[in-house]
2 protein chains.
Amino acid sequence: MSKPQTSRSRASGRVTLADVAAKAGVGTMTASRAISQPDMVSAALRARVDQAVAELGYVPNRVARALASAQSKVIVVLVPSLSNAVFTDVLAGIQDALEPDGYQILIGNTRYSDAEEEKLLGTYLQSSPDGILLSGLTHSKRVTELLASSRRPVVSMMDLAGSPDTMSVGFSQLQAGYTMTRYLLDKGYRRIGFMGAQRDERTLKRLDGYRRALDEAGVYDSRLETMVSDPSTIALGAELLGRMLSATPDCDAIFCCNDDLAQGAIFQCQRRGIAVPRQLAICGFNDLPVSAWMNPSVTTIATPRYRVGFEAAQLLRAVIRGEKPPATRVDLGFTLMARESA
Amino acid sequence: MSKPQTSRSRASGRVTLADVAAKAGVGTMTASRAISQPDMVSAALRARVDQAVAELGYVPNRVARALASAQSKVIVVLVPSLSNAVFTDVLAGIQDALEPDGYQILIGNTRYSDAEEEKLLGTYLQSSPDGILLSGLTHSKRVTELLASSRRPVVSMMDLAGSPDTMSVGFSQLQAGYTMTRYLLDKGYRRIGFMGAQRDERTLKRLDGYRRALDEAGVYDSRLETMVSDPSTIALGAELLGRMLSATPDCDAIFCCNDDLAQGAIFQCQRRGIAVPRQLAICGFNDLPVSAWMNPSVTTIATPRYRVGFEAAQLLRAVIRGEKPPATRVDLGFTLMARESA
DNA sequence: CTGAAAGCGCTTACAG
DNA sequence: CTGAAAGCGCTTACAG
């Protein structure tokens, strides 16, 4: 019934547009139009083609379409982690913005590695993406070159570029770090430590904000900073708390660059019988789900991750369509969540 | 310098294999072979082609290759959630297994919705994937049809199929539910509640295991079951704890179908001054990172998520290559983590 | 080990 | 509103 008539040597056995056209009694390109641009075709014809499609169980070959039209309808998204809820939220926003439009999203997990990012980008560029969504502003030389020679629009997420020439959607990581530290200072804490992991771009900027605030208050002390390169986890937070407490026992508050770290530090305090925040205040960053619920609840910075993904995708889509976007540098802000732990 | 000579109307300006071949002074198909199957070509020729590739900055067009070779090197993965760490771990395993082989992974988030799953599968099938990785065993009629007519190999993840005809990699959800309930019975609990969310296939099987264990012990009471359709979150766990306690105040233990729920329930107990496990034992499922660290730590079932993804991908890859896999039904088991909360 | 021709399944101009 | 021809950039048999 739905057997195609082709008998050439390389025929795939797949139902093609030509089969649909033959069944409907029209040319292939008329069939193509009836499917892709139904408005440009008479209702009767559309109905006939639709029926042929249904009877034959025709599935358009996206690969052939991409090759012929030079439009892949593919967007590449590179995130540094999938185990971090921050980036799965970003992805959710991207998917909601792009999927209604028929885009296919190629997700690459760079695991915070430049080498991985280069490799993934090299592979994904082979799919001729219509645009690229990147995490952060700083990338390796090789990545920058690949991006440039691809001549595809790129939007950076989670931070704000210095110039509007680089499209970016996010918020000021530095200012967020500053705001949190100011909050602790205003509460009267003076020996405020910083606990950082991953040593990525965004963590470093939060650290800059922390330093600036402490400098202004005249209470900066580099010994209060603990920074490691390991991925940020609860277990690491627990461990780093121990380290900080033995290095600087007079520390009265800790700004953790991530909620995981803060949670781990608080759990560790509970095990050691250290009262939070009475003996030691602890705050985090990102407002992950556990933070609002645990006891004590975690003071943190809520970040607009879903919206970052959504707005970045919208911006990219506009540029792909050749529109001039209202802004190429979109600041979505952040919110300090003052809770029990600090 | 690297300007292609093509001047036909639809030329994309992109460097093509023909450009590389011309530069190297060989035919296009020789160039193609030098790139894809370097072993079948003399070293001198390979070097010449490689140099032309480098000088021109040639990036192979994966789309054209897919069309010509009828091999897309695309694997479709459908998961019900990306915010659930369970599935991001599964994805990590899949990526580790597939990316070294040059596969491109198309990730679809069905959000536990049949309609979404149908839509995503319909779209992704247009990319002629070489294989498909699915979560769970039960799918809508439409999905089953799409899968059948695609004639692509499919591996189901996270559960075990009844027959080896359906390829599956996971563990017995029912047995895991049974094991956890038996553990609680052995500890002396008799009024054991079940708290479930999402009402998905796997939750229902855990519930079956719970019922079987309680039935055997002669202490089953349907009033102790609370099951809702909302997504499983910490907030929901907190809320459901309240509901269970007012409905069945004599409940002495709760088996939560998910760690989020268990965590939320425990946090809520802490707020209400209910001692866990002394007054109420609570256990979870999946062993998410917070569970080992919070106080009390959460008794739960550790599930081999990463390995499920990894092994499922390996199995699929073997089948795609036409190999006969050692087994088409792979049981990876689970581990009861007895901790403080129950 | 190397190559000329045909084809993968679709869409893009260009006419009517 | 509809169609025949050419082409997107690669690979597959088939010869040499």
Side-chain angles (χ1 to χ4, degrees), chain A residues 4-22 24-49 53 56 58-74 102 125-128 130, chain B residues 4-22 24-49 53 56 58-74 102 125-128 130:
Chain A
Q5 296 82 340
T6 45
S7 64
R8 282 148 291 163
S9 52
R10 285 171 64 197
S12 62
R14 170 171 196 152
V15 178
T16 71
L17 188 60
D19 299 323
V20 172
V26 298
T28 62
M29 68 140 308
T30 304
S32 168
R33 210 156 17 203
I35 291 167
S36 318
Q37 310 166 58
D39 297 335
M40 296 190 57
V41 133
S42 70
L45 194 150
R46 204 181 322 144
R48 248 192 314 155
V49 172
V53 166
L56 260 26
Y58 171 66
V59 176
N61 184 330
R62 194 183 180 106
V63 160
R65 170 181 298 180
L67 185 58
S69 70
Q71 250 239 335
S72 64
K73 276 275 184 182
V74 164
L125 248 22
Q126 298 181 1
S127 298
S128 317
D130 294 335
Chain B
Q5 297 82 339
T6 45
S7 63
R8 282 148 294 162
S9 53
R10 286 170 63 199
S12 61
R14 171 171 194 152
V15 178
T16 72
L17 188 62
D19 299 323
V20 171
V26 298
T28 62
M29 69 139 307
T30 304
S32 167
R33 209 156 17 203
I35 291 168
S36 319
Q37 309 166 57
D39 297 336
M40 296 191 58
V41 133
S42 71
L45 193 149
R46 203 181 322 144
R48 249 193 311 155
V49 171
V53 166
L56 261 24
Y58 171 66
V59 176
N61 185 330
R62 195 183 180 107
V63 160
R65 169 181 299 179
L67 185 59
S69 70
Q71 250 239 332
S72 64
K73 276 273 183 183
V74 164
L125 248 21
Q126 299 180 0
S127 298
S128 317
D130 294 335

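Numbered from 1 within each chain, the chains take letters A, B, ... in sequence-line order. Here the structure is a predicted model, which means the values were calculated and not measured.
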- Message: The side chain of B/Thr28 is closest to which nucleotide in this list: D/dG9, C/dC10, D/dT11?
- Response: D/dT11
- Message: Ignoring hydrogens, what is the shortest heavy-atom contact between A/Val15 and A/Leu56? Give both atom names and the distance.
- Response: CG2-O, 3.6 Å
- Item | Stem segments of DNA chain D by first residue number [Watson-Crick or G-U, under 3.5 Å, at least 3] | C:1-3 with D:14-16, C:5-12 with D:5-12, C:14-16 with D:1-3
- When only distance counts, do a donor and an acceptor, one from the side chain of B/Arg62 and one from the base of D/dG9, lie under 3.5 Å apart? no
- Message: What is the distance, to the nearest angstrom, from the CD atom on B/Gln126 to the C1' atom on C/dC10?
- Response: 12 Å
- Message: Counting the atoms with a prime plus P, OP1 and OP2 as sugar-phosphate, which does B/Val63 contact under 4.0 Å by heavy atoms, base, sugar-phosphate, or nothing?
- Response: nothing
- Message: Could you report the tightest heavy-atom contact between B/Ile35 and B/Tyr58, atom names first, then the distance?
- Response: CD1-CE2, 3.8 Å
- Item | Residue-level proximity of residues 35-45 of chain A to DNA chain C when a heavy atom falls under 4.0 Å | A/Ser36
- Determine the minimum heavy-atom distance between A/Arg14 and B/Leu125, stating which atoms define it. NH2-O, 4.3 Å
- Residue pair B/Val49 / B/Val41, side-chain heavy-atom distance below 4.5 Å: no
- Message: Using 0.5 Å steps for rounding, measure from the CZ atom of B/Arg46 to the CG atom of B/Asp39.
- Response: 6.5 Å
- Message: Expressed as a whole number of angstroms, how long is the span from A/Arg65:CZ to D/dG9:P?
- Response: 18 Å
- Minimal heavy-atom distance between A/Leu17 and A/Thr28, with the atoms involved, is CD2-O, 3.6 Å
- Message: I want to check one thing: is the phosphate of D/dC10, taken as OP1 and OP2, less than 4.0 Å away from some side-chain N or O of B/Ser32?
- Response: no
- Rounded to the nearest Å, what distance is computed from the CD atom of residue A/Gln71 to the P atom of nucleotide C/dT12? 9 Å
N/O donor to acceptor pairs below 3.5 angstrom from side-chain atoms of residues 59-66 of chain A, sequence neighbours left out:
{"unit_1": "A/Asn61", "atom_1": "OD1", "unit_2": "A/Val63", "atom_2": "N", "d": "2.9"}
{"unit_1": "A/Asn61", "atom_1": "OD1", "unit_2": "A/Ala64", "atom_2": "N", "d": "3.1"}
{"unit_1": "A/Arg62", "atom_1": "NH2", "unit_2": "A/Lys73", "atom_2": "O", "d": "3.0"}
{"unit_1": "A/Arg62", "atom_1": "NH2", "unit_2": "A/Gly102", "atom_2": "O", "d": "3.0"}

- Query: Of the nucleotides D/dT2, C/dG9, C/dG3, which one has an atom closest to the side chain of A/Thr30?
  - Reply: D/dT2
- N/O donor-acceptor pair under 3.5 Å between B/Ser72 side chain and B/Ser128 backbone: yes
- Message: The side chain of B/Met29 is closest to which nucleotide in this list: C/dG3, D/dT2, D/dA4?
- Response: C/dG3
- Nearest to the side chain of A/Ala64, which nucleotide is it out of C/dG9, C/dG7, D/dT12? C/dG9
- In whole angstrom, what separates A/Arg33's CZ from D/dG3's P? 9 Å
- Query: For B/Leu17 and D/dC10, what is the distance between atoms CG and P respectively, to the nearest whole Å?
  - Reply: 5 Å
